[in-house]
Amino acid sequence: MGTYLVLFWRSDLSAWDMQLHLNASSHGEVLWPWFQGWNRLAFGGYPQGYFYPPLFHWLVGGLTKIIHNLELSYKIIISSTLISLPFSIYFFLKSIIASHRGRILAYIWIFIMLFIIKGHVGGDFYSTFAIGLVSNFFALPFYFWYLYFLRKGSVSYPFLLISSICLSLIMVSHLVTALAAIISSLAYFVLYFHDNKKQYIIHVCLSILICAFWIIPYLYFFQYQTGVIIKKPLLLSSIFLVAFLLSLFVIYIKKSTNVRVIFSLFIVFLLFMVISKYGLSFNNDSYPMHIYRLFIFVYLWMGIIISQALSLWNRKTMGVVLSLLIFLLSLIVNIQETFYFKTVHVPGMQILIRSLPEGRGLVVVDTDSLFIRARSPHYMYSQLMLNDREVLNGGFVESTGQSVFVNSLLKELDTSSFIWGTKTYPPLSKLISKHVKDLGISWLLSLKPISPSVLSFISQKKLTLPVIVNDNKFTQTFYLYIFSPDLVHIIEQPVFIDHTKWKEFVEEWWMDEKASLQASSSSIPSQIISGGQNGYHIRLNTTEKSYVYVRIPYFPNWHAYDDKGHRLALYRAAPDAMIVKAEGDFYLRFERSKIEHIGYFISVSALLFTIWELLKSKVGFKRSELVVQKREKGIDPNLLIGIIVFLILALAIWRIPYVLTTGVYLSQSATSRDQIVRTNNRMQLNSSNSSYFLRLLRSIFIWSL
């Protein structure tokens, strides 16, 4: 853990989704103490925290208010998660595995699984530190704490109350982990709560009520989210077969209730993954949740099964030693893969920002660009948002209907544009200028030149700035195109569409070149006088009621008022904007709905009730009355051996030279000293560094002595 902490604190948080969560955390400080609110900086504005669990961003934002350093707050929260994870796993294993050796093996194999997983699964170390899926990782300790307290809660009511709080924390941290916790909870209910069904129902109800402040608005506003593309995981049938046979083997040898829990949960998660793989249960773009991220739990439970099989080995010490060797190998490889790239920096970013006009913009990053190869595809527009500039790019695509149109426009501008999360409409190059106008774009920043034949703009500028990747200096040309946006204008009588036909209408409207919003023939001037986080002041030079088209994304919490405070009619308009029927000056305000206030009231009441029940119960953390099996007497020598070997290996790994983090993840040649490159999807070293592993192994041997 120490090695990961040191390397993470050296990171600049530029890898993949790290930047997206950093931005959301920055805005979490603006919204604080509320968990949800309007984020004006991405997608032209979107409701943050309504469709993506907000706890992580809320905590980082709240801590930033105290220490006034966003990156430091971000690293403190992730580091706290990293430190708490081993403890949560240990206590969880203690609740289901009686023998010292069995727990040691399970502990080792859980971490082996966390090390060996690669890709975008989430929860593992690679996904966390190399891809930036930090909210998955943040929820993982809560998952293990939840199972620990739930097991104790099956015989002790106070601990069941604590498990309710843990489940609530999971629900407002990460959706997929919450689904995994609910699945696990049902398995525990079947196997452990034979005589406490009523208390279990109370536990579930309390868990839901405590996080009602998020669940109720989520369900109430569900129709305004966007479905995401769910990628089907590539699972090898041979892995399933081996794991399944191991499960049966363990069940045959040890028929205890705890082993049945391990077996049943592994099989349940496995079935979820098989179903997801073949697409038998979920429409791939209808739900804002990546079901395939349950894969992490398949691995974790499979690790426990493997450890239990090894615990039956007659040569007890050899099983521990073999597991530790596999652990060490997977750790070394994972640290290389995870921290192989470190920093991306544009020294002239402020020069670029000063060159941008006011208003919202769009950043086009192609899949072969320097930033993609540096593993930082979100870096440019994330840095702009951190400097309080509005862009249409963003990370939480499920939270707004605008994301589909933004991604579609990116594909029209450059078919190789980097997009993710949502499907796009067919690229229509002849409609690019129309779509730029429809989205109210003031400027466009591209890494490639765009032909004037497909895009009408007022002026353009070219800037060449240095880009530093892991101490290696490159140059990048940025092409800036400036437009004259019309964010507010009066239109003729709009066409009103039944809400059941809304999606089909908007798709046709987007792809129809004649379906553009024309200004009124009288050309009545209209403008935004002032605007901010939660409201806008708009002026019309007319005394007649008119339909005013406002290019701010629609959400039911927006309301319009005239200068006397009277409510005005407000409608949702294509592609995902608003129309207000107004005259003269009027105001747009983002207000919290009554349903949200009800949710907060329920949550606070449920939490106070839970705390009161705990205080009445006088719960303590003394020696548990829960006994899973007869405990072994004395200290298992394998435990001492495991601790000593682990400390020696940790000390050796601590000495891994910093060269592991100074490679360049680019296909371009670099001028630095030792360089690491990726070839044919394998990590290799240049000839100048060919003896590195020999020196590494030698240093491990010396420090182990």
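We use all heavy atoms of the structure for the numbers below, so side chains are in, but hydrogens, waters and symmetry mates are not.
W558 does not carry R589 over the face of its six-membered ring by the limits of under 6.0 Å from the centre and within 45° of the normal.
Separation of the F555 and Y50 ring centroids falls under the 6.0 Å cut-off. Aromatic rings from F35 and F213 are positioned such that their centres are separated by under 6.0 Å. Aromatic rings of F51 and F221 (six-membered ring for Trp) have centroids beyond the 6.0 Å cut-off, not under it. Between F418 and H378, the ring center distance clears the sub-6.0 Å criterion. In summary, the aromatic rings of F91 and W145 are positioned with their centroids under 6.0 Å apart. Here Y74 and F56 bring their ring centres to under 6.0 angstrom of each other.
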| request: Verify ring pair (Phe, Tyr, Trp, His ring centres under 6.0 Å) between Y4 and F129, making sure each step is shown before the conclusion. | output: CA-CA 9 Å; Y4 274 93; F129 298 108; 5.5 Å; yes
| request: Determine, stepwise, if the pair F87 / Y148 fulfils ring pair (Phe, Tyr, Trp, His ring centres under 6.0 Å). | output: CA-CA 11 Å; F87 294 98; Y148 168 68; over 10 Å; no
| request: Give the intermediate values and the outcome of side-chain hydrogen bond (donor to acceptor under 3.5 Å, both in side chains) for residues S127 and D124. | output: CA-CA 6 Å; S127 295; D124 59 283; 2.8 Å; yes
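Separation of atoms CG (L487) and OG (S442) is listed at 6.0 Å; rounding is to 0.5 Å. Taking NE2 from H27 and CG from L22, the interatomic distance works out to 14.0 Å, rounded to the nearest 0.5 Å. Taking OH of Y299 as the start and CZ of F115 as the end, the distance is 15.0 Å to the nearest 0.5 Å. The distance from atom CG of L384 to atom OH of Y379, rounded to the nearest 0.5 Å, is 9.5 Å. The distance from the NZ atom of K594 to the OH atom of Y220 is 10.0 Å, given to the nearest 0.5 Å.
Judged purely by distance below 3.5 Å, without hydrogens or angles, the side chains of S408 and T424 never pair a donor atom with an acceptor atom. The closest side-chain donor-acceptor pair between Y200 and S185 falls under 3.5 angstrom. Side chains of S369 and D366: no donor on one and acceptor on the other come within 3.5 Å. Checked by atom type, the side-chain pair S376/W16 shows no donor-acceptor distance below 3.5 Å.
Of the options T422, T226, N393, a side chain to side chain donor-acceptor pair (under 3.5 Å) to N407 is made by T422 and by none of the others. Applying side chain to side chain donor-acceptor pair (under 3.5 Å) to N557 and the options Q36, E591, E596 leaves one that passes, E596.
Salt bridge status for D388 with R40: present, with a side-chain N to carboxylate O gap under 4.0 Å.
By the side chain to side chain contact (heavy atoms under 4.5 Å, CB included) test, S417 is found to be paired with V364, L410, D414, residues two or more places apart in sequence or in another chain being considered.
Using cut-offs of 30° and 60° on the angle between ring planes, the pair Y46 and F43 is perpendicular. Using a 30° and 60° split on the angle between ring planes, Y218 and F222 fall in the perpendicular class, above 60°.
Applying the ring-ring contact (aromatic ring centres under 6.0 Å, His included) definition to pairs two or more places apart or across chains, those involving residues 382-407 are H21-F396, Y52-F396, H57-F396, F405-Y425, F405-W510.
In Y600, the OH atom is crowded: over 12 heavy atoms of neighbouring residues, nucleotides or ligands sit closer than 6.0 Å.
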